[in-house]
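Heads up: numbering here begins at 1 and tracks the sequence.
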Amino acid sequence: MRALVTAALAASLLLAGKAPAQDLIPERRAVLIDDVDFPGGDLRALYDVGFDACQAACLSDTACAAFTYNRRASSCFPKSVAGEAAPYAGAISGHVLEAGSGAADRARLRAAEV
């Protein structure tokens, strides 16, 4: 039911000209895991940043496949690979997924069907 409501809302925004298809299907998004670290593969370290900035830094860098954010230290570690998940209290990690080819076109067609 939730998916139907989400699709209907997306369709109404798209048809009203307020949400282009690329906004319905982001090119890159992160699947988040709480209290987990992905050790290794660090591209760089970012200090004194918030979680949103950490996630945005990774999603905007095509070399970034994952990230770990340390809430206690406000530190961000964008990564070239998601290493083996390891428990780490106070961390939140994200694994980047990329939209498939033609996803925006399919979203536009689905929105028009609703």
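- The SG atoms of C54 and C76 are placed within less than 2.5 angstrom of each other.
- Within 6.0 Å of atom CZ in R28, more than 12 heavy atoms from other residues, nucleotides or ligands are found, so the atom counts as buried in its surroundings.
- In plain terms, the two heavy atoms of A30 and G94 that are nearest each other are CB-CA, 4.5 Å.
- Applying the under-4.5 Å side-chain rule to Ile, Leu, Val, Met, Phe, Trp and Tyr, the cluster around Y88 consists of that residue alone.
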Under 3.5 Å, which donor-acceptor pairs do the side chains of residues 40-52 form with other protein atoms, sequence neighbours left out?
from: D42; atom 1: OD1; to: K79; atom 2: NZ; distance (Å): 2.4
from: R44; atom 1: NH1; to: D61; atom 2: OD2; distance (Å): 3.4
from: R44; atom 1: NH2; to: D61; atom 2: OD2; distance (Å): 3.3

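- At least one donor-acceptor pair under 3.5 Å links the side chain of T68 to the backbone N or O of F38.
- In this structure, S60 and A57 approach most closely via the heavy-atom pair OG-O, 3.2 Å.
- With contacts defined as side-chain heavy-atom distances shorter than 4.5 Å, the pair I33/H95 does not qualify.
- The shortest heavy-atom contact between S80 and A65 is O-CB, 3.2 Å.
- Cluster membership for Y69 and L32, using ILVMFWY side-chain heavy atoms within less than 4.5 angstrom, is shared.
- Residues passing the side chain to side chain donor-acceptor pair (under 3.5 Å) test with D35: none are found, sequence neighbours excluded.
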